[in-house]
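Read the structure below first, then the notes.
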2 protein chains.
Amino acid sequence: MDRTVALSLPPLLLGLAADLVRGIDERVRAQGFEDLRPAHGFAFVRLAPDGAGVGELAEHLGVTKQAASQMVEELVRKGYVERRPHPDDARARLVVLTERGWACTRAAEEASAEAVRPWAEALGEQRLRALRDDLLKLAPSGRLRPIW
Amino acid sequence: MDRTVALSLPPLLLGLAADLVRGIDERVRAQGFEDLRPAHGFAFVRLAPDGAGVGELAEHLGVTKQAASQMVEELVRKGYVERRPHPDDARARLVVLTERGWACTRAAEEASAEAVRPWAEALGEQRLRALRDDLLKLAPSGRLRPIW
DNA sequence: ACAGGATCGTCAAGGAGCTTGACCATATAG
DNA sequence: CTATATGGTCAAGCTCCTTGACGATCCTGT
């Protein structure tokens, strides 16, 4: 395969990803959530549906349980989540979003849509959909972790 | 524009970017460069052509001069770069790759090509080229910085 | 029923990588 | 030829992550 094409992809993709993260982060902060960083957004993704345990959150973020526990402690202190006793397991605790946590999640969703909007203008709806389909085929793992 | 498409793009793109970084990093390390992290690769990108000053490197990475200076110090200690006096400015120093630095750069290039190879198989050469063209239109800024 | 081991989560200490603030040396402008 | 701007470093501190140790609760085999 064409090596020139192959070698041009990583910088383009990583640059675009960095721009995207920055764009979303700025908008979310502008909505009044200035005490949050992008990493917190990745946590919310896991916590949003039904809550999760600290271990599950750690697995999702790709960090140790201790690190996840510390992040939860921070989010509790800032009022975005709360720890509840797990219904079936007295060892475990279920970390769930508070109302403020949900408000932030909605703001992040809106921010994402706005950050992507210029792409629709640049590519057209059709190619944007094709882009989505292509990315879907490349099957990224569920893990959303800031590795670099 | 279709909100569903818009909202599906960020996780896909970020997940793929994370996978890509991990894939390249693993291959580079496997080639014997175990004392380097992805962030060093971004530095090499800026240093490779003709070297650069600490300030320029800092700008490229999106960190303070002090942070860039510390990274240079680390790379000097590990033998990947060296500091030379700047020909025209006695204040400045030119940071350039050593032979080992160039070897690593070549290894990273090869690693990138290999990490992308599965994409060509999944999409076909034509759509991969279209993907490249689309990403090019979305004009990411030159900055390659791990923000999240 | 219960001993042995696995699992959930936290506490504590330490380290890597970044920041801010202060500072020299040199370059450039008025 | 002072006055200010710029390139780079030194030092201290902060943030987020890690490893290690631990108590509490669960599960499994006998």
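Sequence lines set the chain letters: A, B, ... in the order given, protein chains first and strands last, and positions in each chain run from 1. Computed over heavy atoms, backbone and side chain alike; hydrogens, waters and symmetry mates excluded.
Residues meeting the salt bridge (charged side-chain N to carboxylate O under 4.0 Å, His left out) test with D35(B), sequence neighbours left out: none.
If you chain together hydrophobic residues whose side chains sit under 4.5 Å apart, L61(A) and V96(A) never meet in one group. Taken together through direct or relayed side-chain contacts under 4.5 Å among Ile, Leu, Val, Met, Phe, Trp and Tyr, L57(B) and F42(B) form part of one hydrophobic cluster.
Atom pair R93(B):CZ and dT26(C):C1' shows a separation of 13 Å (rounding to whole Å applied). Rounded to whole Å, the distance from CG on L94(A) to C1' on dT25(D) is 17 Å. With rounding to whole Å, L61(B) atom CG is found 15 Å from dT19(C) atom C1'. As rounded to whole Å, 10 Å separates atom P of dG8(D) from atom CG of L57(B). dG17(C) atom C1' lies 15 Å from atom CG of L36(B), rounded to whole Å.
Taking the charged nitrogens against the carboxylate oxygens, E99(A) and R106(A) do have a contact shorter than 4.0 Å, which makes a salt bridge. By the 4.0 Å N-to-carboxylate-O rule, K137(A) lies too far from E121(B) to be salt-bridged with it. The pair D2(A)-R129(B) counts as a salt bridge, with a side-chain nitrogen and a carboxylate oxygen less than 4.0 angstrom apart.
Annotation: proximity of residues 80-91 of chain A to DNA chain D (heavy atom, distance under 4.0 Å) is found for D89(A), A90(A), R91(A), numbered in ascending order. Annotation: proximity of residues 64-79 of chain B to DNA chain C (heavy atom, distance under 4.0 Å) is found for T64(B), Q66(B), A67(B), Q70(B), numbered in ascending order.
If you take CG on L7(B) and CG on L12(B), they are separated by 11.0 Å, rounding to the nearest 0.5 Å.
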(Q) R22(B) vs D25(B), test: salt bridge (Lys or Arg N to Asp or Glu O under 4.0 Å). Steps then yes/no. (A) CA-CA 5 Å; R22(B) 193 159 37 78; D25(B) 187 49; over 6 Å; no
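Within the 4.0 Å cut-off from OP1 or OP2 of dC16(D), at least one side-chain nitrogen or oxygen of R37(A) is found.
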